[in-house]
Chemist: 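One structure, pasted below without further comment.
Each ligand, and each atom within it, is numbered from 1 in the order the structure gives.
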Amino acid sequence: DVHYDVHAVEEKWLPVWEKLDTFRADDDVVRSGGREKRYALTMFPYPSGDLHMGHAEVLALHDVIARYWRFRGYEVLNPMGWDSFGLPAENAAIRNDEHPATYTYANIETQLASMKRYGLSFDWSRRLHTSDPEYYRWTQWLFLKLREQGLAYRKNSPVNWCPNDQTVLANEQVVDGACERCGAEVTKRELTQWYFRTTAYAQELYDRLDDLQSAWIGKVVNAQRNWIGRSEGAHVTFEVEGHEPMTVFTTRPDTLWGATFMVVAADAALATELVSDDQRQALEDYLVDVRKETDIDRLATDRPKTGVFLGVHATNPVTGEQMPVWASDYVLADYGTGAIMAVPAHDQRDLDFARVMGLPVRRVVDTGEDNPEESGVATTGDGVYVNSGPLDGKSDKAAGISEAIAILERNGHGSGTINFRLRDWLLSRQRYWGAPIPIVHCPVDGEVPVPEDQLPVELPELRGADLKPKGTSPLGAATDWVNVACPACGGPATRDTDTMDTFVDSSWYFMRYVSPHDDTQAFDTELANAWGPIDLYIGGDEHAVLHLLYARFFTKALRDAGLLDWDEPFSAYLSQGKVINNGRKMSKSLGNGVNLGDQLAEFGVDAVRLTLVFASPPEDNIDWADVSPGGSVRFLQRAWRLSGDVTSAPGVDVSTGDVALRKITHKTVHEIAQLLESYRFNVVVARTMELVNATRKAIDSGCGPADPAVREATEAVAILLSLVAPYTAEEMWERLGHEPTVAQAAWPTVDPELLVDESVTAVVQIQGKVRARLEVSPGISESDLEAAALADPAVTKAIDGRQVRKVIVRAPKLVNIVV
Ligand code: ANZ
């Protein structure tokens, strides 16, 4: 009886738990307000292969909080599902000449079995897969809903193209100029594609980050701030002879007097519109090169400047000067208005361009540094305005900007504005394994939404070589599927052959969990409002600007469609660190991968979970080379042995137990609750270990195993441990004489009296007469004792509203009040 078989207990309890179905969330209780709710969410996995160490970590962390909330009496919604559309399944299908569903659903079953074995407190009745028609029917419905609201639209524009995956990518999926999935260098293509109008919510998406700042742990809030990119500035309009006026966005309208030429993005429609006949060919030649460049190249400050004069001039609205209009690649077509006013003295890229093209440079802010015209170095700091008409002699930049905006507004040449870097979300993909876009293209009626009662638009059966990327969607090959009658006129029409970015699927799955099998609506609004928003979302940093931003956008769009009352989906967010090995990210090429299955086989589920939770604060990385799953096994065995040593009976009156041990137990439980509220899970384990040690000592050399305090301590250990090591905890609970499951045990009640170290009696006198006695800690400070005395009801009564003249405190024994 010195140790237990870790694998035998896994076999033993899994079916018992399955039967008890303890973690099913009760909709009715929450709907009726009968119990306070908590919604615990962790990112649902993509079904590629079995679970890995990264999953094991996040799942272990997530389970701590979900189980804890349940113990504290909340009705907890803790669902799990699969993000099961996407490229890996499609690539596997091409390799193995099969259907992507084969790979997908086989992996889902593998992962499901692993998750069950891992002992997680999910409500499995809510399981969903985004690739099921019963799910993607509603993804399609939501797409149409957003389109109705003007939030989904189609346009022709240069888009990011991954030459390897042969599909377009959203801006968010291009990382340092490369495809975030395969790493291939991303190029540009002119295509007609579907977009979600994320920019309609730029302001709100940005502003609400302030509220999330304190409850979102990790770097995500700042990453979103930078991605949305708010810039304050102005729109300034310039007359162009023979054309519509052109507008630029500038953050420095105060430098307008130093604007000496204009630059339009060479690939913006405006360049083609403005160009004179004799410059047209030059522009077209230039465009051939520009189209090959990535945005990163284009924005690099150290690149030689190139461009083409467009053969037209614009009028500077404050100086009246005629300024040549150029096209160049250093201005981006899809930022601001795609055109700028160039102020070469104070912007380095403009200055470099001016020097290459021989354009004038005029300083308008004297910073005391060398004149940029001679030095070739643009000055960007603060200084005194010169050559700037009404601003001359002034030096306050903010005031200069406001004054310039006031002048522009008076003259009708511009206005103050806020510009966002955020672009609309390109959602069309030229791949098979995704939700088809539910639109029919009709020569008569144009874009026609597929009627609601014809959803889902199911994927046609394609497999193997049919799915090979060829630059256009593989769905185009399914001609029987593509050719349909127009839902509006009944004439011949064709289906949209693109599928949706899989980030669309994951932008609303947490809403679907509230009513996952509802075949009448995407989700039950009343239930979503009752369960949501999510109280804690745990996931990785890699989703900082993709998933989390898109989910926030969907939430706001659905709120405005009247389907939800949440403003934000995730009240709190915790981004967990990574599991690395020997200081490096685990990878095949480094050969430092750690296989979860092997670890589970060697140490058992509980020890692996405990190791992952104990290793570091949740947000830090864990180096598997530095941890000791063997040590976790030994600790768990030590904890388990306590349960065999307890000799008092269940339900024994613990109040007569050894006070020293009881104090340790109560203090531990008290502190652990606070640690859990702030997600300090590693410290929770450390405190539990200390309680195990104290209990062992009490048994061996203290009050002895029969003392009721030993039972109290051991039961607390079982309950605390069940957050991290459910099998060991269940085993302990049974040996302590209780029915399964420990997950249904009552969280230990903390007796406040046992939290105080020894106490002393402080006497409170008023005018020399004893009016109260307080039990205080011997270490109490003078100010705390004074405050406690003045707050005591007997004391306030005796003072009876009179003015306190003097308080003499002799901590911890005496307070003397003079009124
Ligand atoms: C004149 C000026 C003078 C500017 C000056 C800067 C300094 P952020 O802060 O990133 O919003 N700009 C505007 N649209 C652009 C585009 N499509 N491609 C490249 N550059 C563009 O930057 C805004 C500034 O970036 C704008 O203010 C504009 O240059 C440039 F002393 O206008 B500025």
Chemist: To check your reading of the model: name the closest protein heavy atom to atom 31 (F) of ligand 1, its residue, and the distance in Å.
Modeler: His346 O, 3.1 Å

Chemist: Any idea how Tyr537 and His547 line up, ring-wise: parallel (<30°), tilted (30 to 60°), or perpendicular (>60°)?
Modeler: perpendicular

Chemist: So which of Arg291, Lys188, Arg298 actually passes salt bridge (Lys or Arg N to Asp or Glu O under 4.0 Å) with Asp267?
Modeler: Arg298

Chemist: Should we say atom NZ of Lys470 is surrounded by more than 12 heavy atoms from elsewhere, each under 6.0 Å from it?
Modeler: yes

Chemist: Classify the contact between Ile340 and ligand 1 as side chain, backbone, both or neither, using a heavy-atom distance cut-off of under 4.0 Å.
Modeler: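 For Ile340, the contact with ligand 1 is made by the side chain alone.
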
Chemist: Hey, is Thr251 touching ligand 1 through its side chain, its backbone, both or neither, going by heavy atoms under 4.0 Å?
Modeler: both

Chemist: Counting only heavy atoms, tell me which of Arg421, Arg230, Arg349 gets closest to atom 20 (N) of ligand 1.
Modeler: Arg349

Chemist: Rounded to the nearest 0.5 Å, what separates atom CD in Glu373 from atom CZ in Arg362?
Modeler: 9.5 Å

Chemist: Mind checking whether Trp508 and Phe554 have ring centres under 6.0 Å apart?
Modeler: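 Distance test on ring centres: not under 6.0 Å, no.
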
Chemist: Please write down residue, atom name and distance for the protein heavy atom closest to atom 6 (C) of ligand 1.
Modeler: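 The answer is Asp347 OD2, 3.6 Å.
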
Chemist: What is the closest protein heavy atom to atom 18 (N) of ligand 1, and at what distance does it sit?
Modeler: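 Heavy-atom neighbour on the protein nearest atom 18 (N) of ligand 1: Leu332 N, 2.9 Å.
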
Chemist: As a quick check of understanding, evaluate ring pair (Phe, Tyr, Trp, His ring centres under 6.0 Å) for Trp425 and Tyr550, giving each step before the final call.
Modeler: CA-CA 8 Å; Trp425 169 13; Tyr550 295 152; 3.5 Å; yes

Chemist: Any Lys/Arg nitrogen of Arg429 or Glu90 sitting under 4.0 Å from an Asp/Glu carboxylate oxygen of the other?
Modeler: no

Chemist: Below 6.0 angstrom between ring centroids: does that apply to Tyr201 and Tyr206?
Modeler: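 No, the ring of Tyr201 stays outside the 6.0 Å limit from the ring of Tyr206, centre to centre.
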
Chemist: Please classify the Thr250 to ligand 1 contact at 4.0 Å (heavy-atom distances, strictly less than): side chain, backbone, both or neither.
Modeler: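 Under 4.0 Å from ligand 1, Thr250 contributes backbone and side-chain atoms.
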
Chemist: Just to check, does Gly336 reach to within less than 4.0 Å of ligand 1 when the distance is taken from its heavy atoms?
Modeler: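 For ligand 1, residue contact (heavy atoms, under 4.0 Å) with Gly336 is absent.
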
Chemist: Identify the protein heavy atom lying closest to atom 28 (C) of ligand 1, giving its residue, its atom name and the separation to 0.1 Å.
Modeler: Phe249 O, 3.8 Å

Chemist: Considering only non-hydrogen protein atoms, determine which one is nearest to atom 10 (O) of ligand 1 and report residue, atom name and distance to 0.1 Å.
Modeler: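 The closest heavy atom on the protein side is Tyr335 OH, 3.5 Å.
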
Chemist: What is the closest protein heavy atom to atom 5 (C) of ligand 1, and at what distance does it sit?
Modeler: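 In this structure, atom 5 (C) of ligand 1 has Arg252 CG, 3.6 Å as its nearest protein heavy atom.
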
Chemist: Run the numbers for me: atoms of ligand 1, each under 4.0 Å from some heavy atom of Val343, listed by number.
Modeler: 1 (C), 3 (C)

Chemist: Starting from atom 3 (C) of ligand 1, what is the nearest protein heavy atom, named by residue and atom, and what distance separates them?
Modeler: Thr255 OG1, 3.5 Å

Chemist: Examine ligand 1 and decide if any of its atoms is less than 4.0 Å from a heavy atom belonging to Val331.
Modeler: yes

Chemist: Number the atoms of ligand 1 from 1 as they appear, then name those within less than 4.0 Å of a heavy atom of Ser231, with their elements.
Modeler: 8 (P), 9 (O), 11 (O)

